[in-house]
Every structure is written in C-alpha cells, then in structure tokens.
Amino acid sequence: MNFIEEGVVKARDRGQDIILRYPPEPNGYLHIGHAKAFSITNSMRNQYHGRANLRFDDTNPAKESMHYVENIKRDLNWLGIKYDRVVFASDYYEQLYTCAVHLIKQGLAYVDDSTMDEIKALRGELGVPGKPSPYRDRSVAENLDLFARMRAGEFPDGSRVLRAKIDMASPNMNLRDPVLYRINRQTHYRTGNQWCIYPMYDFAHSLSDYLEHISNSLCSLEFEDHRPLYNWCIANCQGALPNLPKFPPEQYEFSRLNIEQFVMSKRWLKKFVDEGLVDGWDDPRMPTVAGMRRRGYPATAIMDFVQSTGITKNVMTVPLSALEFYVRTELDKVATRVSVVENPLKVKIVNYPADKTETFTVDNNPHDPAAGTHAMTFSNEIYLDGDDFSDNPPPKYKRLTVGGVVQLRGAYKIKCLRKVGDTLECEITDDKAKGVVQYVDARTGVKAEIRSFAPLLKAGTALTEDNINRDSLYRSTAYVEKWLAEQNNPSTKYQFMRKGYYVLDAKDSLVFNKTISLREGF
RNA sequence: AGGGGUAUCGCCAAGCGGUAAGGCAAAUGGCUCUGACCCAUUCAUCGUAGGUUCGAAUCCUGCUACCCCUGCCA
C-alpha cells in the first residue's frame with residue numbers, strides 16, 4: 001500500500017465518504033502525464049467505491065476555452081477514466097467571493113494598491129524575509145469597501161489585488177501574503193463578463209475541494225509547498241458558508257511522470273501548436289492523449305503503462321521502451337497483420353512461370369483465429385524489403401543472402417541465386433530456410449505513403465526547427481498488399497509484417513503512420 | 001532565516017530491525033512460416049561516513065547529490 005492509498009484509507013476509517021477530484025485547467029489538451037496522475041485518482045475511486053468529480057480549474061479566463069473542456073472529456077472517456085460529476089471552479093465564483101469577504105472580516109485579508117513590481121520587491125528573496133506592504137494594515141471596513149468596488153469594476157486591471165495576511169517573513173514563499181484575487185477584465189468562456197475579478201489557484205482550489213466535500217486531494221509534488229496555504233484557506237473559511245463538511249480535505253502529493261525524449265510541459269506543447277511546428281494538439285508526435293490515439297496507441301496500453309509506473313515522490317524518467325512494451329503487448333493481441341515492403345527490392349523467381357499467379361491464404365492474426373484471413377497474390381515477380389536482403393550479412397543473419405534460403409511468408413521458400421543489378425534472381429526450393437521474410441506481389445501490390453514519426457525533443461532543449469525534427473515526419477514509398485488498399489477502415493490497427501506497427505491515418509486512406517518498431521533498426 | 005522534498009540494479013519499484021520481490025531494458029539458450037509471442041537461464045548489499053544492535057536498506061548522527069518554491073499561471 002502506498003502513501004496515497006494510506007491517506008484514502010485513513011479518510012475512510014474516520015468515516016468520510018471517499019470523494020476525489022480531477023482538476024484539469026481547460027487551457028490545453030491532456031497529455032500522458034495527466035493520464036498518469038488521473039489514473040491514480042481513478043484507481044482510488046474504483047478501489048474504494050468512491051466518487052470523483054471532474055472539476056475544471058478555470059480561474060484564468062485568458063487561457064481557457066470550451067474547446068479544451070470538450071477535448072479533455074473526450075480523452076478521459078477514451079482512456080476509461082471515470083468521473084461522477086462535471087463541475088467548474090467558475091461555478092463557485094460567488095461562494096468564493098463570500099469566503100474572501102469572510103477572510104477580510106476576520107482581518108486575514110487586505111486590499112493592496114501596490115503594483116506588481118512593488119509587491120515583488122517587498123516579497124523578499126529565498127532566505128531573505130519580505131517586508132509588509134504599506135497597505136497591509138488597512139481597516140476591515142476599508143478593505144470591505146475596496147474589495148466590493150474591485151468587484152464592481154471601479155478600478156483598472158492590475159491596480160489592486162486582494163492578499164491574504166499571513167507572514168511576510170515566512171521561509172515558505174507561498175505564505176508571504178499571497179494574492180487571492182486580481183482584477184482582470186477578460187471574457188470568461190462560461191461566465192462571460194459577469195466578473196472582472198478572478199480568484200487565484202490556491203484560494204479557489206482549496207475551497208473548491210472543501211465545497212465539494214473532497215476527502216483526498218491528490219496532486220503532484222510541486223504543490224507540496226502550497227499545502228500550508230491550502231490548509232490555511234480552508235481553516236480560515238470554516239463557517240463562511242453553510243453545509244461545509246466536518247472534515248476538511250487533505251492534500252497528498254506524488255511525483256509526476258516523465259518519459260525520455262518527451263516534453264511534458266503544457267506551455268511548450270502549446271508553443272509547438274501555436275507556432276505551427278506540429279499539426280495540432282493531436283499531432284502524432286505529441287505526447288498528448290489525442291496524439292497517441294492518432295498514433296495508434298491503444299487506450300488500454302496507455303493506462304497499463306501509466307499504472308506500471310510508481311506512485312512515489314521520487315523524481316522519475318521512464319524510458320520510452322517501457323511505454324512501447326505495453327503498446328506492443330496490446331497491439332500484438334489485436335493488430336491485423338499485413339505485408340509491407342518499405343524499400344522495394346525486386347525479385348524474379350526464375351523457376352516460376354511468367355504467366356502464372358497463385359493466391360495464398362494468410363491469417364490476419366495468428367493469436368486470434370476469429371480475426372479471419374486474407375488472400376495474398378504470388379507471381380514470378382515480387383518485392384522484398386531492402387532490409388530483408390544483405391550482400392554482406394552479419395553473423396546469425398536470418399534473412400536473405402546470395403546463396404541463402406528464406407521462407408516467404410505464406411508462400412514458398414526461395415533461394416537467391418545471384419544479384420543482377422538491382423534485381424535478385426531466386427528459385428523456389430525445398431532447402432531449409434534460415435528465416436521468414438515478407439513479400440508483396442510486384443504486379444498487384446500497391447504503393448502507399450508511409451510516415452515515420454520522430455520523437456519529441458528532450459525536455460530542456462532549446463526549441464528550434466531542427467531539433468523538433470519537423471522534417472523527420474518524412475514520407476517514403478511503400479508497397480503493401482492490394483488487400484490493404486481495399487480496406488477502408490481508419491479505426492483498424494495493422495501490424496506490418498516484421499516491420500513494426502502501423503495505423504491507418506484517417507485523413508488519407510493510403511497514408512500510413514509508422515508508430516513503433518518491433519525492434520530497433522529492423 | 002531560506003524552506004519543502006527525494007536518495008534501493010541502466011530505468012521504474014517492493015521492502016517498515018532478521019539476513020535485497022517484481023516489471024522494463026540487456027545477455028545467453030530453446031521454440032517458431034512474424035529475429036514477434038512463448039519458455040528457460042543470467043543480471044544489486046541498498047548515496048556516503050560513522051554509531052546503536054546478536055543482527056540495519058530498515059533506528060540515530062554528520063556529510064553529499066538531485067528536484068521544487070521568489071506569477072496579479074495552474
């Protein structure tokens with residue numbers, strides 16, 4: 001049992017209902033890091049028969065929109081993350097305002113007329129205590145009046161803020177009179193122009209949890225320093241509103257998921273999108289849930305993966321191979337197999353009649369007979385993939401060499417007699433084959449475009465056109481079975497024989513997105 | 001007067017005083033009309049220095065390293 005679960009058990013044993021929450025801000029798409037965080041909450045909800053609210057933390061109208069709300073819901077549903085209610089921080093603006101007034105009346109909050117720079121200057125630095133604002137000791141009456149007028153729109157944006165009166169000398173910067181409300185005339189995607197003051201995260205989040213009777217508030221490590229403020233807001237707003245729960249919510253923090261070569265910062269992902277370096281939030285190179293979906297990663301694979309990573313406070317960076325393991329395992333169960341050659345190498349079968357063709361039947365998925373079969377054409381002219389032949393084979397090479405024998409998948413064994421120019425001359429044989437190789441009939445195979453995806457750059461790398469690998473979303477020509485061309489089901493997963501996994505791009509019926517390779521360099 | 005966290009195999013991670021689980025990766029071998037899958041085997045004395053104890057990854061002390069915090073973002 002990990003510390004998160006212990007917290008849930010503790011709440012349960014003290015008689016609380018287990019109520020959790022997923023708190024995305026609708027300012028972008030969900031990425032796999034969110035999937036990990038939310039899966040922890042999801043599994044606690046399921047395991048302890050609790051409830052979970054999907055709460056959009058929408059307190060910064062400049063960045064948020066309904067478009068994001070909808071896509072976050074869609075991704076959550078696709079992943080199978082369950083929630084019982086959909087709520088919005090913006091539903092609580094009135095109650096939050098009441099709580100702020102409650103703090104002012106207790107002398108625990110004040111209106112500050114300082115500029116942003118003045119506030120910053122007085123806040124002090126790490127290891128250096130801050131100094132009180134000249135406005136810190138205003139009377140309750142004056143604060144009440146000023147705050148009401150802030151709400152009424154009497155003051156320009158940024159001219160005043162409401163601050164908590166805590167401790168300007170606290171070693172915890174979050175406690176040096178944090179801003180609770182700012183004036184910001186932005187049209188909110190839900191409340192429109194009804195408000196010109198908006199609550200800050202710490203104030204809104206803690207009290208939203210409290211209002212919703214949240215038992216355990218699970219979040220990531222960077223909020224550890226915020227916990228004292230979280231608790232301060234709740235403790236000082238007891239009695240501010242009716243029907244507040246007996247037990248306050250408790251915040252628990254765990255470490256975030258990092259994956260090698262993945263940028264997991266929403267700010268950067270947004271930058272990629274805004275600057276057109278990627279197609280959009282669902283670009284297959286993006287570590288977003290939508291991008292991975294388009295890339296052909298099954299939802300179950302993503303969930304299995306995030307659950308396989310630990311729930312600890314350790315800084316973690318998981319290798320991409322760990323994610324791929326789950327994708328591969330899942331796709332291996334469900335993927336339809338099909339033959340593809342990416343770099344066609346022409347083969348002539350010298351002892352096969354030029355005017356003859358045959359049709360062979362091949363399983364769509366050897367692990368699943370119910371997946372059916374498909375037909376493959378064979379004639380005296382076929383293509384092999386360039387990687388399946390070597391003039392200079394390394395030790396233990398199992399594919400074709402001059403003089404060697406391989407099994408053509410579903411068809412004959414062939415022996416390579418010689419290489420003439422760019423063409424291999426082979427004959428059908430009964431000799432023992434070294435390995436199995438895929439092929440495509442040269443006359444009926446069809447060309448298709450293949451896209452290869454480059455992983456995103458490593459976190460912390462400077463953003464340039466070069467290192468985002470825009471051009472590595474390259475296209476090459478491949479020959480696939482004609483059968484595949486006849487399929488027009490964008491939702492189907494395909495496994496190209498021994499070349500890796502691919503998924504049909506819904507945008508273009510003959511563009512294939514290479515997702516992962518079964519083996520590096522193969 | 002800085003504070004808050006974290007340190008167990010290349011990467012995740014169990015372990016909570018009784019003699020280091022498991023997964024990924026890697027390697028070797030077997031099987032195979034996917035070099036896949038599957039099967040078998042191999043792979044750590046626990047950041048460091050001391051201390052307590054019959055016995056410590058687990059307790060104590062001192063070091064060291066790394067992460068987070070100085071938005072009117074969340």
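All values below were derived from every heavy atom in this structure, side-chain atoms included, with hydrogens, water molecules and symmetry-related copies excluded. This one's a predicted model, so the numbers in the text were calculated from it and none came from an experiment. Here is how names work: the chains are called A, B, and so on, in the same order as the sequence lines, proteins then strands, and each is numbered from 1.
Side-chain atoms of A:Gln407 and base atoms of B:C33 include a donor and an acceptor less than 3.5 Å apart. Interface remark: the A:Arg337 side chain does form a donor-acceptor pair with the B:U34 base, using a distance-only criterion of under 3.5 Å. With hydrogens and angles left out, the side chain of A:Asn172 and the base of B:G4 share no donor-acceptor pair within 3.5 Å. Under 3.5 Å, the side chain of A:Lys398 and the base of B:U34 form no donor-acceptor pair of N or O atoms. No N or O donor and acceptor, one from the side chain of A:Arg227 and one from the base of B:G4, sit under 3.5 Å apart.
Both distances falling under 3.5 Å, in either a Watson-Crick or a G-U wobble arrangement, place B:U6 opposite B:A65. The partner of B:G29 is B:C39, by the rule that a Watson-Crick or G-U pair needs both atom distances under 3.5 Å. Base pairing analysis places B:U52 opposite nothing; no Watson-Crick or G-U wobble pair with both distances below 3.5 Å involves it. The pairing partner recorded for B:U34 is none, the criterion being a Watson-Crick or G-U wobble arrangement whose two distances lie under 3.5 angstrom. In a base pair of the Watson-Crick type (N1 to N3 plus N6-O4 or O6-N4) or a G-U wobble (N1-O2 and O6-N3), with each distance short of 3.5 Å, B:C72 is matched with no nucleotide.
A:Pro366 comes within 4.0 angstrom of a nucleotide base, judged by non-hydrogen atoms across all strands. No contact: A:His205 has no heavy atom under 4.0 Å from any strand. Heavy atoms of A:Asp57 sit under 4.0 angstrom from primed sugar atoms or phosphate atoms, though from no base atom. Backbone-only contact: A:Gly310 has heavy atoms under 4.0 Å from sugar-phosphate atoms and none from a base. Within the 4.0 angstrom heavy-atom criterion, no nucleotide atom of any strand lies near A:Ser255. A:Met116 comes within contact range of at least one nucleobase, with a heavy-atom separation under 4.0 Å.
Going from atom CG of A:Leu221 over to atom P of B:G5 covers 10 Å, rounded to whole Å. Between A:Phe3 atom CZ and B:A14 atom P there is a gap of 9 Å when expressed in whole angstrom units. We find that CG of A:Asp225 is positioned 9 Å from P of B:C69, with the value rounded to whole Å. Spacing between atom NZ of A:Lys63 and atom P of B:A74 amounts to 8 Å, rounded to whole angstrom units. Following rounding to the nearest Å, A:Gln186 (CD) and B:A74 (P) show an atom-to-atom distance of 12 Å.
Note on A:Arg399: every side-chain N or O is 4.0 Å or more away from OP1 and OP2 of B:C33. OP1 or OP2 of B:C67 has not a single side-chain nitrogen or oxygen of A:Asn314 nearer than 4.0 Å.
Between the side chains of A:Tyr135 and A:Asp113, no donor N or O sits under 3.5 Å from an acceptor N or O. Of the N and O atoms on the side chains of A:Glu358 and A:Tyr352, at least one donor lies less than 3.5 Å from an acceptor on the other residue. Side-chain N/O atoms of A:Ser220 and A:Glu222 include a donor and acceptor closer than 3.5 Å. Checking A:Asp117 against A:Thr115 by side-chain atom types alone, no donor-acceptor pair falls below 3.5 Å. No donor-acceptor contact under 3.5 angstrom links the side chains of A:Asp388 and A:Tyr439, judged on distance only.
Of the two residues contacting RNA chain B, namely A:Phe325 and A:Tyr201, the nearest-nucleotide position lying further toward the 5' end is that of A:Phe325.
Aromatic pair A:Phe147/A:Tyr97: centroids less than 6.0 angstrom apart.
The separation of B:U53 from B:C11, taken at their P atoms, amounts to 36 Å, rounded to a whole angstrom. B:G50 and B:U58 have their P atoms separated by 14 Å, with the value rounded to a whole Å.
Of the candidate nucleotides B:G23, B:G4, B:U70, B:G4 has the atom lying nearest to any side-chain atom of A:Glu224.
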